[in-house]
Every structure is written in structure tokens, then in C-alpha cells.
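We're numbering straight along the sequence, starting at 1. Owing to the predicted nature of the structure, the values given are computational and were not obtained by experimental measurement. Numbering of ligands and ligand atoms starts at 1, following listing order.
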Amino acid sequence: MTKSTNNLSPNNPIGIFDSGIGGLTVAHAITKELPNEKLIYFGDTAHLPYGDKSADSIKYYAIRISQLLLQKKCKMIVIACNTASSLAYETVKDFVGGQALVVNVIDPVVEEVVNKKKIKRIGVIGTKGTIKSDIYSHKIRQHNSKLDVASLATPLLVGMIEEGFFNNKISRTIINDYLSRPKLHKIDSIILACTHFPLIKPEVEEYYKGKVDIIDSAGVVAKHVKDQLKKRKLTNTQKNPQHQFYVSDYTKSFEKSTKVFFRKKIKLEEVAIWK
Ligand code: DGL
């Protein structure tokens, strides 16, 4: 049964959460699509990375964070993290009920992929948690059982990108090593199923030289968020939104890295929900 979301107010903020600051790629894409929306971002830096955590832990974190975003009156909660979307979406949806809309970063991408023509074999790269959940394969094949899905965990990429290694010799070597694995042979499209991967999209493009369609979820998800809000007449009518960016554990180095993911440096504030 769909829970009624009739009481939501257009001028309330959109909540976005991730394991850390990587989800700012999704937040950034949403600001481009919806410049009037106020964002409340929460990065669970105290528990970063989610990629190696158990499903039970991630569900627990996701519920507590959603509770915080509901307290802040968010009309929509976007689970920007692929790992949390893979393992905790249903749990969050059940918990939130009709109090807000809930969006994950997987369904909009699956929708986009299955509607593409001439696609037969889809590659997926992401964290161990995302790949182990097999969620992309499951959801894609639910739409079209003839599609072949080749998934590969690429755990080195997150740390590499966070340390600023992208678009250089080292990142190219690691990316090329992963993409040349037999598992990904003969794919005609690839889903970059991780918050951090928009930053290596140019290198993935360089590797495939236009022969493989590259789907980076941030842009697709931002369009989906816009469609959902429009459909429900929930787009914000006010201008100049003042976003808020929270983390569960503040460090200067996280704050410095925000520039890489949000394209400009932002001020992080700690909400110590675990301390
Ligand atoms: N945010 C995670 C994801 O998109 C990557 C970082 C992590 O492992 O926490 O899957």
C-alpha cells in the first residue's frame, strides 16, 4: 500500500544523506536541476566507508539519519549513497512512511538503462556492499530478463578518489586494471554505481573511447528528483536557498575535500548523533 504524502509542503527542504562527503556529487547535480530547492545534507563521516559494512549496520545508520532529516522537516529524503540504497532503501521507506518521499540512486538509473536501445550487456562498478547485494542485476533483469549484467566490485577507487588521485597516472593505471578484467568484457554500457565515480568519468570515457555508454547516476537521479517533485506539485517556490551541510564527525580534511565533490568549498557542521 502506498502511504499518503499529501501533507508535504513545497517549501520544505530536500534531505540528502551519504556515508560521507561523496554524496555531494548528487547534491551538486540536484542544485543544478533545482536551483530553488533548499538542501539539508548529512554525511555519516563517523562510519565512513559504508562499502565494507554489514547490511544490518547500514540499515541502523540509515534509520537514525532519516529520523534526523524528518526532524528537520524534509519533504524528500534522497539516499545518495549507492551502498545504502542497495541495502537499506526498503527499510528507510518503511520507516519514513508518508512523512516524506524517499528516493534511492538505483531505481532511476535502472529505469534509464532498460529504456536504452541496443543494450545487451551492462557493466556495473561499485563498492563491495553494492556489488554483493546484486541489486542492479536483480532490478534490471526484473524489467528485461534478456539483459546480461556484469558486476565488479572496485573497492580501491573510493579511497583513491578521496585522496585526490584522479585524472593522473596512478588513477589511470588502477582504473584500466579494473576495467580490463574479464568480467567486464563485451559490455556495451557501464553504470558508475558509486557517489565518487562522477569524478573519474572522463578516465572511464578515455578507456572505452566512445564504444561503451557510460551512465553516471548523479545527473540521472537529479532529473528523477525534479520529476517527482513536479509531479506532486512540491517544487520550492522560494529563491536563494541556504543549504545546510552536516556530518557526524567533523574534521578539517573532510571540509577541505568538499570542494572536490561539490565544486566549491562548503562549511560543514557536526551533528554528533552517535557520540
Ligand atoms: N557512498 C558510497 C557509495 O556510493 C561510497 C563510499 C563508502 O563506501 O562509504 O557506495
Side-chain angles (χ1 to χ4, degrees), residues 15-30 41-62 64-66 69 77-89 91-92 103-110 123-137 139 151-166 171 174-175 178 190-201 204 214-222 224-225 245-249 251 253-254 257-258 260-262 268 274:
I16 304 177
F17 81 86
D18 178 41
S19 55
I21 46 172
L24 287 170
T25 54
V26 178
H28 181 259
I30 294 176
Y41 183 89
F42 186 89
D44 191 11
T45 48
H47 292 128
L48 181 78
Y50 277 8
D52 279 330
K53 301 275 187 308
S54 69
D56 280 350
S57 295
I58 291 174
K59 285 177 190 165
Y60 175 75
Y61 304 151
R64 177 67 188 96
I65 296 164
S66 301
L69 295 173
I77 294 178
V78 180
I79 310 176
C81 177
N82 260 272
T83 312
S85 291
S86 304
L87 301 171
Y89 170 58
T91 309
V92 170
V103 167
N104 67 62
V105 288
I106 297 168
D107 290 324
V109 172
V110 167
V124 182
I125 55 171
T127 65
K128 286 183 192 167
T130 298
I131 299 305
K132 204 168 145 235
S133 76
D134 212 23
I135 191 133
Y136 281 91
S137 170
K139 291 200 174 201
S151 309
L152 181 75
T154 55
L156 272 186
L157 298 183
V158 166
M160 174 189 96
I161 296 166
E162 267 175 23
E163 288 306 322
F165 286 87
F166 50 92
S171 60
I174 298 174
I175 291 166
Y178 276 135
I190 187 162
I191 299 174
L192 307 184
C194 178
T195 44
H196 294 50
F197 295 176
L199 283 123
I200 54 162
K201 192 175 176 195
V204 177
I214 297 154
I215 302 136
D216 125 40
S217 41
V220 176
V221 171
H224 176 79
V225 166
F245 300 94
Y246 298 110
V247 285
S248 52
D249 190 35
T251 67
S253 105
F254 283 134
S257 308
T258 56
V260 171
F261 297 100
F262 200 67
L268 296 177
W274 316 113

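In the displayed structure, Tyr60 atom OH is contacted under 6.0 Å by at most 12 heavy atoms of other residues, nucleotides or ligands. No more than 12 heavy-atom neighbours from other residues, nucleotides or ligands sit within 6.0 angstrom of NZ on Lys128.
Residue Tyr50 approaches ligand 1 through these ligand atoms, each under 4.0 Å from one of its heavy atoms: 7 (C), 8 (O), 9 (O). Short contacts between ligand 1 and Asp18, defined as distances under 4.0 Å to a heavy atom of the residue, involve ligand atoms 1 (N). Ligand-side atoms of ligand 1 in range of Gly51: 7 (C), 8 (O), 9 (O), range being under 4.0 angstrom from any heavy atom. For ligand 1, the atoms sitting less than 4.0 Å from at least one non-hydrogen atom of Ser19 are 1 (N), 2 (C), 6 (C), 7 (C), 9 (O), numbered in the order shown with element in parentheses.
Ligand 1 lies within reach of Cys194, whose nearest heavy atom is under 4.0 Å from it.
Separating the OH atom in Tyr89 from the CD1 atom in Ile106 is a distance of 10.0 Å, to the nearest 0.5 Å.
Of all protein heavy atoms, the one lying nearest to atom 2 (C) of ligand 1 is Cys81 SG, 3.4 Å.
In terms of polar-atom proximity, defined here as any N/O pair under 3.5 Å, Ala193 makes no such contact with ligand 1. An N or O contact shorter than 3.5 Å is missing between His196 and ligand 1 by distance.
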Determine whether Ser248 and Phe42 satisfy the following criterion, side-chain contact (heavy atoms from CB on, under 4.5 Å), listing intermediate values before the conclusion. CA-CA 8 Å; Ser248 52; Phe42 186 89; 3.6 Å; yes
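Counted by atom type alone, Thr127 and Thr130 present one or more donor-acceptor pairs between their side chains at under 3.5 Å. Side chains of Asp44 and Trp274: a donor-acceptor N/O pair is present below 3.5 angstrom, by distance only.
Qualifying side chain to side chain contact (heavy atoms under 4.5 Å, CB included) partners for Thr154, counting only residues two or more places apart in sequence or in other chains: Ile125, Leu152, Leu157, Tyr178, Phe197.
Closest heavy-atom approach to atom 10 (O) of ligand 1 within the set Ile161, Leu87, Thr83: this belongs to Thr83.
By the 30° and 60° cut-offs, the orientation of the rings of His28 relative to Phe262 is perpendicular.
At a heavy-atom distance under 4.0 Å, no atom of Asp52 approaches ligand 1. Heavy atoms of Thr195 found under 4.0 angstrom from ligand 1 belong to the backbone as well as the side chain.
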